[in-house]
2 protein chains.
Amino acid sequence: MARAPQPGQRKPVTLFDVARAAGVSQSTASRVINGSQRVVNEELQQRVLSAATKLNYTANLSAQTVARGKSTTVALLVSDIADGYFSSMAAAVMRAAEAHGLRVTIAVTERNVEREIELVRELRGQHARAIILAGSGYLDAKLTQALVRELQMFEDTGGTVVLVSRSNLPFAQVDLDNLEGARRLAAALVRLGYQSFTVLGAERTLVATHDRVQGFRLGLEGHGIMLRDDQILYSNFSWEGGFDAIQAMDESALDATELIFAVNDEMALGAIAGLRERGMRVPDDVAIAGFDDIRSLRNIVPSLTTVRVPVDEVGRQAIARAVEDGGRADHKVVNATVVLRDSTPRRR
Amino acid sequence: MARAPQPGQRKPVTLFDVARAAGVSQSTASRVINGSQRVVNEELQQRVLSAATKLNYTANLSAQTVARGKSTTVALLVSDIADGYFSSMAAAVMRAAEAHGLRVTIAVTERNVEREIELVRELRGQHARAIILAGSGYLDAKLTQALVRELQMFEDTGGTVVLVSRSNLPFAQVDLDNLEGARRLAAALVRLGYQSFTVLGAERTLVATHDRVQGFRLGLEGHGIMLRDDQILYSNFSWEGGFDAIQAMDESALDATELIFAVNDEMALGAIAGLRERGMRVPDDVAIAGFDDIRSLRNIVPSLTTVRVPVDEVGRQAIARAVEDGGRADHKVVNATVVLRDSTPRRR
DNA sequence: CTGCCGGTGGAATAGGCTTTCCGAAAACCG
DNA sequence: CGGTTTTCGGAAAGCCTATTCCACCGGCAG
């Protein structure tokens, strides 16, 4: 395609141009600019560098990727980038990636496996260095199978897959200590005097939610309190999920509840909105606790008791797993810490 | 580099492989798979397609970019992806981009021009189709010059630059009607009975903040109320900015204020926190209004009066500007609408 | 003085894809 | 039915870089 030299649409300057301007071969220019193993004469180096500066050269990343057969881009897959948890995670991952000279492209799965599979497929085409899968996880076993297959194909072509807080699959993982965090939270709440609980869980296939529910239960049991199955309401891992769960709750069940534990903060916030809608006050009528400690909690009154997830650390670890291509199926657990605030005052 | 065929590290299947498997030439395979202008025989199409499926072929995006000299990636530059406004914007842009078959890569500028310049430079190397610059804007005229130069070089190589709600520079723009939105807000507040105001502005060079302050002033003047310069406090376009501004306020000035207008919601939320710290209640002691209508407002009590910015529309328009490469220096204004809520009750 | 070696620049090739250009076969037309 | 288009595969050139391979240099030991 003979791109007509449109007015003001110069052809980008290539490495070849730089080489010519410096009076050296392309290979030499390449060696100077990207710093390969080979040494080049000091003087030639200078010539090349100054030519590059003069011409305002920037390496063509795609061409480099093709030539090297390996890219410097890692992909971050999240359910919803507008969600505070994921956007903080994205920020953390990007920060960590930069320290390794990596670029990050973010893709949104909208909590849809098929879309996710499609994305992984595309990413394979893009030769992404790694795929970091944060959040989501699905009910349909067959689709999960398909996803795993796709992820495996991705790894077959040399990429690394990193799962963040997700169902147990045969890939490198960064996990939060969801179980322990929730267990400690439960213990702390019991110590504050709470005795009857309702848990707002999310999709059961999500390792995160499952572990949080389980941990909470264990924490209660440790103090001799049993959590009945009908005290666990399953909904979605989102604000709406929390809101809807509360809307759907029996009047009597609600009255019997002293404290609601939502498996993440977004759900907790949705639940609070739902409670408000039903004319109930937090914490006077019912106490509430969440999980994650997302940034926007600083705006909530009363302040919300939660379990802090060190997103920065998670991001850092995810990138670390992504680059050390050695450690296939490597596992790293990040601790979570209980933060007691005003939404769960001491009782009695 | 003779990549040793590591166990389980197959070489990716290429278009050539597909062509061979289908018994056609590479050109034909290419034509079938990417749908070029040229028509190919129905039967060959089938052969190619089924071969591609069988081999699990995915096009190598980098190679396509190199070959086409043009990519399908647009870059979104934001100050801080963890900020609710920007993450919603990002979500909107990505949604819109997808409809056009474009990929989005997000980069974070951390409100730092040098970094921004650096990023634009890199993006030129990546042959991004377009750069969407959202937020930020700077004090230093020299650096702004440098940025503009870099952006122009980017356009010289065939990319498009789209500015979202940003200082007036010679590029395509999507603007909010900040002035009119703020003007209407002011008018509405006066009608509710408010008479003495404090405005929390942000960096003056930001077109957004300047227009919002200006619009608010005009709205007040329309009702015969003057806004004195000492009633405008300049700070940063962030939660901390709002918080700090309130912390730094004179006791007397604060007492004399009936309503605080922060030029964006994050600042307003920071201001509320600051007020709480100083023992003042909203709206009993002082009313407050923001701008943007970010998602997390749904969790705030009392609900916050604000001006809604239709982020989806903005994202859509930004992408529209990005693809129609014709309209250089094209300008689109998106309306903003006043949303009155509980943080500004009718007065007296 | 000769043969060999480490070092360094350049030519050539690889990498995966798109697109132009050719040529042959098919379709059309008088 | 001959000549002219049109249609549609395939070969080959090109996009930009990285890297291999080759050639040539001076140095060094024998």
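Labels below follow one simple rule: chain letters A, B, ... track the order of the sequence lines, proteins then strands, and each chain is numbered from 1.
- Using a distance-only test at 3.5 Å, with no hydrogens or angles considered, no donor-acceptor pair links the side chain of D83(B) to the main chain of D80(B).
- For the pair T65(B) (side chain) and L61(B) (backbone), a donor-acceptor distance under 3.5 Å is present.
- Between the side chain of S88(B) and the main chain of Y85(B), no donor-acceptor pair closer than 3.5 Å is present.
- A salt bridge is defined here as a Lys NZ or Arg NE, NH1 or NH2 lying under 4.0 Å from an Asp or Glu carboxylate O, and R95(A) with E98(A) fails to meet this definition.
- A donor-acceptor pair is defined here as one N or O able to donate and one able to accept, closer than 3.5 Å; such a pair exists between the side chain of R115(B) and the backbone of V108(B).
- Taking atom CD of Q126(B) as the reference point, atom P of dC16(D) lies 16 Å away to the nearest angstrom.
- The CD-P distance, from E42(A) to dG9(C), rounds to 11 Å in whole Å.
- Checked by atom type and distance alone, the side chain of R47(B) never pairs as donor or acceptor with a backbone atom of A19(B) at under 3.5 Å.
- Looking at heavy-atom distances under 4.0 Å, V66(B) makes contact with a base.
- When atom types are taken as modelled, the side chain of R166(B) and the backbone of D175(B) share no donor-acceptor pair closer than 3.5 angstrom.
- When each of R103(B), H127(B), R129(B), Q64(B) is tested with T72(B) by the rule side-chain hydrogen bond (donor to acceptor under 3.5 Å, both in side chains), just one qualifies, namely R103(B).
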*asked:* Treating primed atoms plus P, OP1 and OP2 as sugar-phosphate and everything else as base, which nucleotides of nucleotides 21-28 of chain D get B, S or - for protein heavy atoms under 4.0 Å?
replied: B-------
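- Taking only distance into account, the side chain of S27(A) never meets the base of dA18(D) through a donor-acceptor pair shorter than 3.5 Å.
- Look at S25(A) and you won't find any side-chain N or O under 4.0 angstrom from OP1 or OP2 of dG9(C).
- Side chain of T53(A) to main chain of L49(A): a donor-acceptor pair is present (N/O by atom type, distance under 3.5 Å, no hydrogens or angles).
- Remark: C1' of dT20(C) and CZ of R68(B) are 16 Å apart, rounded to the nearest angstrom.
- Rounded to a whole Å, the CG atom of N34(A) is 17 Å from the P atom of dC16(D).
- Rounded to an integer number of Å, the gap from N60(A) CG to dC15(D) P is 12 Å.
- Going from atom CD of Q26(A) over to atom C1' of dC15(D) covers 11 Å, rounded to whole Å.
- When each of A63(A) and N41(B) is assigned the nucleotide of DNA chain D with its nearest heavy atom, N41(B) is the one assigned upstream, toward the 5' end.
- Of the two residues near DNA chain C, F16(B) and V39(A), the one whose nearest nucleotide lies more 5' is V39(A).
- Listed by residue number, the members of residues 47-59 of chain B with any heavy atom below 4.0 angstrom from DNA chain C are Y57(B), A59(B).
- For the pair R20(A) CZ and dC16(D) C1', the interatomic distance rounds to 14 Å; values are reported in whole Å.
- The shortest side-chain heavy-atom distance between L133(B) and V162(B) does not fall under the 4.5 Å cut-off.
- Residue T28(A) places no side-chain N or O under 4.0 Å from the OP1 or OP2 atom of dG9(C).
- As a whole-Å value, the separation of Q37(B) CD from dT18(C) P is 13 Å.
- When heavy atoms are screened at a 4.0 angstrom cut-off, T14(B) is found touching the sugar-phosphate backbone but no base atom.
- The phosphate of dT17(D) (OP1 or OP2) has no side-chain N or O of Q64(A) nearer than 4.0 angstrom.
- Between V40(B) and L15(A), the residue anchored nearer the 5' end of DNA chain D, judged by the nucleotide with its closest heavy atom, is V40(B).
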